[in-house]
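Written below as structure tokens is the structure these notes are about.
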Amino acid sequence: MKKPIIRYYLKAKSKNPNDRTKEELIQAKVQANFKEVIDCKVIYNRFFVSLKSTIKPKNFGLIKDNFNFNEDIFNNFSKSNKGVKTAMQLFEGKVDELYSNYLLNDINPTSKQFKNDLLIQLGRKKREVKKVYTILNYLNKKIEYFESIKGSSRKDEISENSIKPYRTLAHYIERYELYANSKLTFQNLDEKLYWEFWNFQDEVLKGNIKLPKKEGKKSGTISQNGFMISSIRKYQKTLFRCLKMAQKEGIIISLNINNSDLILEDKPNAKDIYINEEQLTKIYNHQATNENIQLAKDYVVLASLTGVRYESMEIAHEQKIAHYSDESYNFNYIHSFQNKTQTEVYIPLFRPVRETLAKYNNKFPHFPQNAVMNKLIKELFKEVGIKATAITTSHYYKNGIVKAIKQVSDLVTTHDLRKSFVTKKTKKNVSEVLIMNTTHPNSKPKHAMTTIYNKTTLLDNAKKFYDEVNQIKQSELYSFN
């Protein structure tokens, strides 16, 4: 920035110079090449500050010059009255102090910032004490709040599955602060610290950084390849949601949350898992050795023969099985809702599904949490003896792409059952579009008359699905009768 230039003016009490006989307030105009770009145009600013001192215009300048500052006239007056000159010298000294401080710290202030700091230096304005908020404390309070409104149907209510990433992020922040012996705040979290935080988490997972073990808790999992991009990305997005909430509440944050480069590019992992009809039949006919394995078996049968996601399975637990019958059709179906895509469908139920539901009073059972269900399904596959392998392609945060061949029984999750449902139906020449429309459309219909759409189109799709399945060769699994 340029050295500030100060010019003094009077705040005139009259437009007529001849009427300006009483004392008037002295103002200082400060300019230092303060500039900002608005709509691609460079605008130069300056600002005025009152000196809080008064003087008669005749002692400040000449009437013919409209009493603009005249140094000779002012100096002649100030010989007998040094108060005004002292006020000017004090003001100029504070301006010089600020200028030197800005240069020393390589700060290029705006006119607004310079004026604000100057008023503080002059003792006319109190310096605002910046409140420092730790991210962990804020995050824990948000988690507590989300937990308190579960089941309230409030607009800001989120599901248990949506709260989990916040808890995990809080754990990551806690262990970083323990290791770094410093607190993460909204003010100190800049771009450099942001990436240092994720690098630290990756090194911990790889086992390269050892953390003290907490009493009563298991040691952390070790993965030689560290975090997958999808995992890091998930918690980056969670952190950004937290930062945006804080910003809306008036908390100043340092990180630029509009910078999309701060969230890793989406690189989904892939696993080539397909549960064929022979394997599914083997599971269907298997005699489970305990209640947990039986629950896993029932889940696999229901999900594989309806194409319903885990989240929708939870909702299906509350739905009654409906029945449709006319001259051409006779089938049971479930009115299924999908929160993820905000859609709903009628899904005709195959005989094995109806048999499974009969054990639960013709209702979808209530299953454990998704993570628990995934574990039980893996145990089921091992017990049944499903001998199959799959190629996995994983994108890691630091270790790049890693491909491996693994046992399906070590990889299978609830989501793979839905994928297998679609694959099996397309292999039997059932239209993939019809499969998706009947079991899990990707988006809700853009129809104004939603109620009519629900009553007609959903049923039409169910009938078409019923027709196409009945045209193919019937099997033990894929039969409505």
Side-chain angles (χ1 to χ4, degrees), residues 1-12 24-55 60 68-69 71 74 83-135 138 182-197 240 243-262:
M1 65 175 293
K2 290 186 177 180
K3 184 174 176 60
I5 298 172
I6 303 171
R7 291 191 173 89
Y8 297 103
Y9 297 88
L10 294 179
K11 191 172 183 179
E24 295 177 349
L25 190 66
I26 302 173
Q27 293 187 110
K29 181 176 78 171
V30 181
Q31 54 192 59
N33 200 33
F34 301 117
K35 64 181 180 180
E36 59 180 322
V37 179
I38 300 178
D39 294 334
C40 299
K41 293 182 180 179
V42 178
I43 298 175
Y44 292 90
N45 296 316
R46 70 274 190 282
F47 63 87
F48 287 85
V49 176
S50 168
L51 224 60
K52 297 244 174 155
S53 295
T54 58
I55 191 173
F60 192 78
N68 285 333
F69 182 69
E71 193 169 356
F74 177 76
V84 176
K85 191 165 188 176
T86 300
M88 287 182 173
Q89 289 171 341
L90 174 65
F91 181 83
E92 291 167 6
K94 295 298 183 184
V95 170
D96 286 342
E97 282 181 28
L98 272 179
Y99 171 65
S100 299
N101 181 62
Y102 288 140
L103 285 182
L104 186 64
N105 292 285
D106 195 25
I107 298 172
N108 193 26
T110 62
S111 59
K112 184 178 180 181
Q113 181 184 351
F114 198 115
K115 182 178 180 179
N116 184 70
D117 290 345
L118 181 57
L119 292 175
I120 292 171
Q121 292 281 23
L122 292 169
R124 299 183 197 173
K125 188 175 182 179
K126 289 185 177 180
R127 187 178 297 278
E128 291 184 12
V129 178
K130 290 185 178 180
K131 294 181 180 179
V132 177
Y133 298 88
T134 65
I135 298 175
Y138 179 87
S182 63
K183 298 290 184 181
L184 274 183
T185 69
F186 291 102
Q187 289 74 31
N188 70 10
L189 182 63
D190 55 14
E191 191 168 330
K192 180 182 177 182
L193 184 54
Y194 174 81
W195 289 115
E196 180 184 304
F197 174 80
F240 264 58
L243 295 176
K244 287 176 181 178
M245 286 188 290
Q247 192 176 63
K248 282 184 179 179
E249 294 175 18
I251 297 176
I252 297 174
I253 62 175
S254 297
L255 202 65
N256 179 8
I257 57 176
N258 296 315
N259 184 359
S260 59
D261 291 336
L262 293 178

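These values consider heavy atoms only, across backbone and side chains, with no hydrogens, waters or symmetry-generated copies.
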Distance check, rounded to the nearest 0.5 Å: [X] atom [atom1] versus [Y] atom [atom2]?
X	Y	atom1	atom2	value
Ile253	Phe240	CD1	CZ	8.0 Å
Ile107	Tyr99	CD1	OH	13.5 Å
Ile252	Tyr133	CD1	OH	9.0 Å
Leu90	Ser53	CG	OG	9.5 Å
Lys115	Asn45	NZ	CG	11.5 Å
Leu118	Phe47	CG	CZ	5.5 Å

Over all heavy atoms of both residues, which pair between [X] and [Y] is shortest? Give the atoms and the distance, please.
X	Y	value
Lys2	Ala32	O-CB, 3.5 Å
Lys183	Asn188	O-ND2, 2.9 Å
Leu255	Glu191	CD1-N, 3.5 Å
Lys94	Gln121	CE-O, 3.6 Å
Asn33	Tyr44	OD1-CE2, 2.8 Å
Phe91	Ala28	CE2-CB, 3.5 Å

Query raised in the report: In terms of heavy-atom contacts, does CD of Glu71 have more than 12 from other residues, nucleotides or ligands at under 6.0 Å?
Result: no

Query raised in the report: For atom NZ of Lys112, is the number of surrounding heavy atoms from other residues, nucleotides or ligands below 6.0 Å larger than 12?
Result: no

Report task. Decide if the gap between the ring center of Phe74 and the ring center of Tyr8 is smaller than 6.0 angstrom. Result -> no

Query - Distance flag, aromatic centroids of Tyr9 and Phe69, threshold under 6.0 Å - result: no

Below 4.5 Å, heavy atoms only, C-beta onward: do [X] and [Y] meet side chain to side chain?
X	Y	result
Leu184	Leu193	yes
Ile135	Phe186	yes
Leu25	Leu10	no
Tyr194	Asn256	no
Glu249	Tyr138	yes
Lys52	Leu122	no

Report task. Evaluate side chain to side chain contact (heavy atoms under 4.5 Å, CB included) for Lys29 paired with Ile5, printing each intermediate quantity in order. Result -> CA-CA 8 Å; Lys29 181 176 78 171; Ile5 298 172; over 6 Å; no

